[in-house]
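Structure, as structure tokens:
Chain letters run A, B, ... following the sequence lines, proteins first, then strands; residues in each count from 1.
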Amino acid sequence: MAPEKNMDLGKFRNEICDFLNNHIPDDVWEAVAKTTSYFPAFSAVMTMHKLLATKGWSVVNWPEEYGGPGWSDEQRRIFFEEYCSRGLPMMAPQSVGMVAPAIMKFGTAEQKAKYLPPIASGADTWCQGYSEPNAGSDLVSLQCRADSDGDHYIINGQKTWTTWAFEVDHIFLLVRTSSEGRPQAGITFLLIDSMSLPGMEVRPIIGLDGMPEQAEVFFDNVRVPKTQVLGTENQGWTVAKYLLEHERAAGGSFQFVLRRELDKLRTLANVTDDGHGSKISSDPVFKQKCAELEVDWRCLAASENYARRIGSNHPEAAHMASLIKLESMNLTQHISELALDISGTLALVDQQLALHIGSETPPIDPIEVLTVMPTYLNQRASSIFGGSHQIQRDILAKLVISK
Amino acid sequence: MAPEKNMDLGKFRNEICDFLNNHIPDDVWEAVAKTTSYFPAFSAVMTMHKLLATKGWSVVNWPEEYGGPGWSDEQRRIFFEEYCSRGLPMMAPQSVGMVAPAIMKFGTAEQKAKYLPPIASGADTWCQGYSEPNAGSDLVSLQCRADSDGDHYIINGQKTWTTWAFEVDHIFLLVRTSSEGRPQAGITFLLIDSMSLPGMEVRPIIGLDGMPEQAEVFFDNVRVPKTQVLGTENQGWTVAKYLLEHERAAGGSFQFVLRRELDKLRTLANVTDDGHGSKISSDPVFKQKCAELEVDWRCLAASENYARRIGSNHPEAAHMASLIKLESMNLTQHISELALDISGTLALVDQQLALHIGSETPPIDPIEVLTVMPTYLNQRASSIFGGSHQIQRDILAKLVISK
Amino acid sequence: MSKLPPDILAQLAESAQKFISNEYSFTHRQALASSTIGYSEKHWQMFADLAWLAIPFNEEHGGLGGNIADISGLLEQFGYGLIIEPYISTVVLAGHVLSNANDSPLSQELTAQIISGNVHISLAWQERQSSANVMNIKTTATETEDGYLINGEKISVLNGLNADSYIISAQSQNTKTPSLFFVAADTKGLSAQHHQLYDGHRATTLQLQNVLIPKQNQLVVNAEELLKETMTVGMYALCCEALGSMEKLLEMTIEYAKIRKQFGVPIASFQALRHMISDMYVTLKKTRCLNEQIASQWVHHSPSPQDIAALKVQTGKAAHFISRNAIQIHGGIGMTNELEVGHYVKRLTTIDGLLGNSQYHLASLANSL
Amino acid sequence: MSKLPPDILAQLAESAQKFISNEYSFTHRQALASSTIGYSEKHWQMFADLAWLAIPFNEEHGGLGGNIADISGLLEQFGYGLIIEPYISTVVLAGHVLSNANDSPLSQELTAQIISGNVHISLAWQERQSSANVMNIKTTATETEDGYLINGEKISVLNGLNADSYIISAQSQNTKTPSLFFVAADTKGLSAQHHQLYDGHRATTLQLQNVLIPKQNQLVVNAEELLKETMTVGMYALCCEALGSMEKLLEMTIEYAKIRKQFGVPIASFQALRHMISDMYVTLKKTRCLNEQIASQWVHHSPSPQDIAALKVQTGKAAHFISRNAIQIHGGIGMTNELEVGHYVKRLTTIDGLLGNSQYHLASLANSL
């Protein structure tokens, strides 16, 4: 690391480190050790959210007027570096990074006052109701309907891939309010204050690793007041697009998370036998593969730094967003693949019980193997969610070829 | 190798080996050592053709009635194994494997009598006039025209990627004789007895490696008698399609050629320094890459053997043709890439003079490096010619998805 | 090459196909996987009745007299149907040891019991430090007056949960070479920790503390050759099963791509996905060709260590490639535990991991070149 | 980070762009490549007049006082325009040694000569057995009463054809460490075999047989640090040039894909090719980001061996990836010597090969982790 530009930044880093080293509860550290997904245990996320909120650090990307700490870019970078490189769980992106910025931009004064403070404190939690069974990467073909009934909508339809729907208490939703004009013209963005309104049903989806993370959400004549529209009726696509762009610009910390994953890979190699009396960590072929991943990591880090530097209004911002999605997810997957390759047969054992936070089932020795297979399986989604690799390449080709 | 099934095959193999070990002229062996392309030096090809013809072995895939030796499948396999594994130049495919089978199938008695014997003896040589500047992998859009003028055609247009056009004395040609109906309906297959008819011009194309191999052939009011049509006017596509299928089925010896390339790669590694006092051949990473190529080679060999076993009328024959094209060319390219990777900077030197057969310029020491870069450059074409990798994947997808 | 006559092979293949389509719905398979014993005893008895359990044993011991190539078709069907019964563990691995053990009353008796479907026997060869090196054995067998005293640990013992007994590899303290011992599951000093694997199969960690067994329980002395040959046979069996699972995964993926629409058209119309499917097909086909070539030569000679390593490498690579692309083309739905896709992926991932994965065998191939 | 003020850098960039668009058609470049000396002396004098040759030298020696980051823009333009003049050889490699040699009248004089464009000097560091290990030196320098006696062989000496003199690394027989010596091209005992490379550049094999040079020609004693630093600077320069060549190759490929039709539509409409182009873009962009990040930190500290190795690895990988895909998308026409595409490919292939290729530096990176 370069030396901090001035003493204040050094002090700032010390303050962050002191807090993160000394004030994180054990169950959060346990969750860190047992994380097998892009999304860590929800309980640990919220524990950390509320803990950081006590310091004013829960919404560091927010403007000060809404509760942000008023940090400089450099301070934020330092915070994320220290936070992510310890593997600590990021704040739920659906709440802090998605619905909140949309409310800041499109919300009424009432909506802002009602929704933003409890998001900042961690009192309210949100999930995102976008995807539908037949509208994955092409959102404009969504079919979940909100029919007008006086000053209410009546919602019918289904959402899917709704992360943490069974954990949170709010959902924001894209619904079809008109079938006229271009498909994206009749979409409305709704804020819903509960996950258990009459007619709503949430069914967790069990993933390949045996854990629920996503859910289906069903709407059967669910009544919602029209005041719950964010922005304007039939203009939901504008909100969704803004949010997508904002989400992209808010990125930039995969490098710290993946730095830690690379280091964990080497720890794993240190305890793994090659069957001929040595550890895998001394195998030249393994070392070569690590070096390749190391080069990829450096490229990713440099790309993220560049994207942060140019900001979200630069003509290349959209290119960089797709590039970073592709490269970070590729690297994530490759690390998980190499981890599986070097692990022995003990990685094949399903240790779901031991993976629960607070579980009394001890992991099989060596403990480094515990997360290998569920992580590998879970990471298969990295090239699918948030716009598949194919979609990202389509986007890039369009940007690059027709420029 | 499995022991021969009976003594006769063992004897047969001995006869082949004896001839190949003791009766090949030095300039052919020089050409073998200096081969950097799918197509070896033309002079060496023809020397071998005429030499094999003296034994009756020049057209081993032909039926006996046209001069084939009447060998069994197993004998042919043994011949190709011994011949190709020595790196000896294959007979020109355009003459022996393409135009000849087309003449056997569609030719008149006169055409057969006129053309087949001199092909078998090596007296006549042919090139293939298919591709045009705007009709590469999509032949049906070809534009070279043959207009009727009494009992003659007048040909105008251009052919390109015509291998060895500047070496041979005959060309077979797809021309447009009608623009009515479906695009492939108006194509005619012509046999042309000379490369220097009035109005014909041949311009060699220099490749990336500095050598001519392909050529452009221009036709400016070239007159050809209508008796030169093979098959029927406007039915040339039928001939071309038959020929394509026949060409595919005639394959099956990449395994021997590539076995030799893999062995050469290891010889190269034995003389290449890693800079730290050892040879590349003892580097575990290099060995791992060789092992990967070895596995690919075994798959290719097994695939070729399977394709030969099922024959050209099996429902999977077309699948196997594309699979073998993709896999053999991938392996060829990967071997050339690894060879370049392990060669030092001496491989960067352009040694065209030393590469000519009979050249008095000695190659730079070590001689193993001589062919590395021109082979690497030349092999870039392997995923393009004869239907690019993209075309092969399109074909396979169609076969596999709609089955 | 097969040793059994074509009509018997055809009969076996037909009965396997019938069994899968009639008796083995995915829902049923999942119920078996999460049941207490993890398979169906009824199925196992059916396997015995259909003579599947007898295929690779000598006729003089009540077998059909087939060889490993004769069970390849059956195993491919097992892969296609995602069969969870522990055939490879009991019949292929333990069976191969017994077929080649000393011709004692004990091994004859055990063979008869396997053929009749009455017992499960598991081969316990792997240890914590051994990776897939079958000769890396720390477990010891010391000869005493009363028999052999065995000490050590074995991991990843397939179907250990249901094993009535184990065949255990141990370094003989006399000969300083590995021997194989028969140990009943209820022998004193033997303790077992049973696990479920991600693919639903079961595996066990065994601790052996001063396990005393009678002298006649030593099945094989100087077992190096036999242990390696057993690995070869087991690897080949896994590779055959993988072929069937990959075939099914490719079929399901093509079907899904033809049905699933995005942007108003079936996703099978996108060139990028078409090329992925084409690459999956190529990968499977060439793996199948390699597999069949090795099998066809088996009658002349067992596969060389290079042959079988190359097959395991290729099968593992293909299994990962086809699995990953199958999920990618299915999208989110391929990531759920509800659909078959993921379970084929988990089985294929496990198959790569068993008896040495691609990386392990690629390294041994590299060292042998 | 740059040391020169932004206005000077902008001026340099502008003059470079102007030079390439006005003076450097592809036909002209090819004519230069096949000319006797392989470059244009007129251009070289222009480089001197535009102060390009002065950029990285200290102001006290007549230079502009820039650093390596200050020539990155120029070198990228050189790559974009496929410039064949031997800038890296004379200014970057030999220049860097002279800037850091002992401050003798000889090195001051040579620096002035380089800046004025009057001489070419080539660094001869590589040997037959050394691969890219700059410390693997068999050439020896023995001190005698009359000076140093040098014996050995040097290969791949860039622009050796035009070098008025060489800087030669040799093991000093006294100190048992490498020193650097100045050897005029016409010194007795020095013989040169000149070659053309596939990219049109020139390289020389030097034989040194009892080459006797005066004592003041020893430029650097204990040259390990400086040799390694010179490799770092040279590798960075090559990586900058590669960026420009890859940029141009991508541009040409996109243009071609938009114009070239197949099956009646531009090939740029095929999803498979679109994805290839997208991958080429990603590869180039991330390589550029890595390059810029390393440059931006240079003012604080020279890149670590890991930093520069990673950059050379990535640049070489990117060069091959973009080259191969550019040819694939161009099809047959990309395989001809007539078109620019292939010459960019050959230059990029050469750049990977010089000063240690991807494989070499990946291995050193692997050993350093």
Side-chain angles (χ1 to χ4, degrees), chain B residues 1-5 255 262-263 265-266 269 281-310 316 319-328 330-331 388-403, chain C residues 1 250-251 253-258 266-297 299-301 303-304 306-307 309-318 329 358-359 361-369:
Chain B
M1 276 305 120
E4 309 301 349
K5 277 193 204 116
Q255 60 186 292
L262 276 174
D263 295 341
L265 180 62
R266 283 203 246 146
S281 51
S282 63
D283 171 23
V285 174
F286 170 76
K287 285 162 77 174
Q288 178 99 349
K289 287 181 182 167
C290 273
E292 285 171 358
L293 296 178
E294 185 73 30
V295 172
D296 290 343
W297 181 83
R298 283 162 182 259
C299 287
L300 174 67
S303 302
E304 283 190 340
N305 296 342
Y306 175 74
R308 204 178 46 240
R309 210 160 61 239
I310 62 173
E316 278 186 314
H319 301 63
M320 293 309 294
S322 285
L323 180 153
I324 289 168
K325 171 74 167 65
L326 283 167
E327 295 299 294
S328 59
N330 273 336
L331 183 53
S388 72
H389 273 20
Q390 283 69 41
I391 296 283
Q392 302 299 340
R393 287 199 183 94
D394 284 345
I395 292 172
L396 272 172
K398 207 167 169 182
L399 290 168
V400 171
I401 293 175
S402 49
K403 78 174 170 191
Chain C
M1 211 158 15
L250 179 57
E251 279 176 19
T253 303
I254 292 172
E255 281 318 301
Y256 183 77
K258 287 159 90 166
I267 59 173
S269 62
F270 293 114
Q271 196 186 25
L273 296 201
R274 296 178 74 80
H275 285 194
M276 282 165 77
I277 288 172
S278 147
D279 291 345
M280 290 165 80
Y281 169 82
V282 165
T283 302
L284 172 55
K285 188 74 203 177
K286 69 183 190 180
T287 309
R288 182 181 290 283
C289 289
L290 184 64
N291 186 304
E292 287 173 2
Q293 175 150 318
I294 287 175
S296 74
Q297 294 167 349
V299 76
H300 300 303
H301 50 93
S304 71
Q306 289 192 6
D307 287 339
L311 179 64
K312 192 69 168 53
V313 168
Q314 176 59 29
T315 305
K317 274 172 64 179
I329 291 174
S358 284
Q359 285 311 307
H361 289 293
L362 192 58
S364 50
L365 192 58
N367 284 324
S368 77
L369 290 179

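Heavy-atom distances place the side chain of C:Ile277, and not its backbone, under 4.5 Å from chain B. Only the side chain of B:Glu316 comes within contact range of chain C, with heavy atoms under 4.5 Å apart. For C:Gln306, the parts lying under 4.5 angstrom from a heavy atom of chain B are both the backbone and the side chain. Both the backbone and the side chain of B:Glu292 come within contact range of chain C, each with at least one heavy atom under 4.5 Å from a heavy atom of that chain.
Proximity of B:Val400 to C:Arg274: side-chain heavy atoms (C-beta onward) are nowhere separated by under 4.5 Å. Inter-residue side-chain proximity for C:Asn367 and B:Lys287 is flagged as met; some heavy-atom pair is nearer than 4.5 Å. Looking only at side-chain heavy atoms (C-beta outward), C:Ser278 and B:Lys398 stay at 4.5 Å or farther from each other. Within the 4.5 Å cutoff, the side chain of C:Lys286 has no heavy atoms near those of the B:Leu300 side chain.
Not a single side-chain hydrogen bond (donor to acceptor under 3.5 Å, both in side chains) links B:Asp296 to another residue, sequence neighbours left out.
Tested against B:Cys299, the residues C:Leu290, C:Thr287, C:Asn291 include a single side chain to side chain contact (heavy atoms under 4.5 Å, CB included) partner, C:Leu290.
The line from CG of B:Leu396 to CE of C:Met280 is 13.5 Å long, rounded to the nearest 0.5 Å. Once rounded to the nearest 0.5 Å, the distance linking CG of C:Asp307 with CZ of B:Arg298 reads 5.0 Å. Between B:Cys290 atom SG and C:Leu369 atom CG the span is 7.0 Å, to the nearest 0.5 Å. Atom CG of residue B:Asp394 and atom CD of residue C:Gln271 lie 4.5 Å apart, to the nearest 0.5 angstrom. Of the inter-residue distances, the one linking C:Leu362 atom CG with B:Lys289 atom NZ reads 12.0 Å to the nearest 0.5 angstrom. The structure places CD of C:Gln293 at 13.0 Å from OH of B:Tyr306, a figure rounded to the nearest 0.5 Å.
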Check step by step if side chain to side chain contact (heavy atoms under 4.5 Å, CB included) holds for C:His275 and B:His389.
-> CA-CA 10 Å; C:His275 285 194; B:His389 273 20; over 6 Å; no
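Using a 4.5 Å heavy-atom cut-off against chain B, the contacting residues of residues 311-318 of chain C are C:Val313, C:Gln314, C:Lys317.
In terms of heavy-atom pairs under 4.5 angstrom with chain C, the leader among B:Ala301, B:Ala302, B:Ser303 is B:Ala302. Contact count against chain B (heavy-atom pairs under 4.5 Å) is highest for C:Ala310 among C:Ser368, C:Ala309, C:Ala310. Ranked by heavy-atom pairs under 4.5 Å with chain C, the list B:Pro284, B:Ala307, B:Ala397 is led by B:Ala397. Options B:Gln288, B:Gln390, B:Met320, B:Arg266 differ in how many heavy-atom pairs under 4.5 Å they form with chain C, and the most are formed by B:Gln288. In terms of heavy-atom pairs under 4.5 Å with chain B, the best-connected choice from C:Arg288, C:Lys285, C:Glu292 is C:Lys285.
A salt bridge is defined here as a Lys NZ or Arg NE, NH1 or NH2 lying under 4.0 Å from an Asp or Glu carboxylate O, and B:Arg393 with C:Asp279 meets this definition.
Among all heavy-atom pairs drawn from B:Ala291 and C:Leu365, the shortest one is O-CD2, 4.0 Å.
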